[in-house]
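So the structure is just underneath, and the comments pick up after that.
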Amino acid sequence: MNRLLEVIYYDYEEKPIAENQLSTTEIRNATLSFLDTYFSHMSENEYDEACNKLIDLCGAIKENAFEVGFYAGVQLMTNRKDF
């Protein structure tokens, strides 16, 4: 992701949950439910490591989706194919 797009992305990402269009309450609740359901049997260290890896994976997916959506929007608005 280029630097300007990172600035736009992280501006959204760092907003409080009530204003954040990228991380809704529903998504956060679903994530916590998943973690509790599938990772709760682990030791504290294993749980922390698994949670961090899953959250990193979700973050990478979200960043990629934002970038793809951004450039798709630019293409649709400008009718340019070079993005």
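Just so it is clear, the model here is predicted, and its values are computed rather than measured.
Shown here are the ring-ring contact (aromatic ring centres under 6.0 Å, His included) partners of Phe70, two or more places apart in sequence or in another chain: there are none. For Asn2, the side chain to side chain donor-acceptor pair (under 3.5 Å) partners are Tyr71, not counting sequence neighbours. Take Thr25 and apply the side chain to side chain donor-acceptor pair (under 3.5 Å) test, not counting sequence neighbours, and it matches no residue.
We find the CD-OG distance between Glu26 and Ser33 to be 13.5 Å, quoted to the nearest 0.5 Å. For the atom pair NZ of Lys62 and CD1 of Ile55, the computed distance is 10.0 Å after rounding to the nearest 0.5 Å. Rounding to the nearest 0.5 Å gives a distance of 11.0 Å between OH of Tyr9 and CD of Glu67.
Judged by distance alone, with hydrogens and angles left aside, the side-chain atoms of Asn52 form a donor-acceptor pair with the main-chain N or O of Asp48 at under 3.5 Å. Counting only distance, with no hydrogens or angles, the side chain of Glu46 and the backbone of Ser43 share a donor-acceptor pair below 3.5 Å. With hydrogens and angles disregarded, a donor-acceptor distance shorter than 3.5 Å links the side chain of Thr31 to the backbone of Ile27.
Both Leu5 and Val74 belong to a single network of hydrophobic side chains, linked directly or stepwise wherever heavy atoms of I, L, V, M, F, W or Y lie under 4.5 Å apart.
In terms of heavy atoms, Tyr47 sits closest to Met42 at N-CB, 3.8 Å. When all heavy atoms of Ser40 and Asp36 are compared, the pair lying nearest together is OG-O, 2.7 Å.
None of Leu35, Asp56, Leu32 except one satisfies the side-chain contact (heavy atoms from CB on, under 4.5 Å) rule with Cys51; the exception is Leu35.
The shortest distance between side-chain heavy atoms of Arg3 and Glu6 falls below 4.5 Å.
Tyr10 and Glu63 form a side-chain donor-acceptor contact under 3.5 Å, judged by distance and modelled atom types alone.
Crowding of Tyr38 atom OH: a count of heavy atoms from other residues, nucleotides or ligands under 6.0 Å not exceeding 12.
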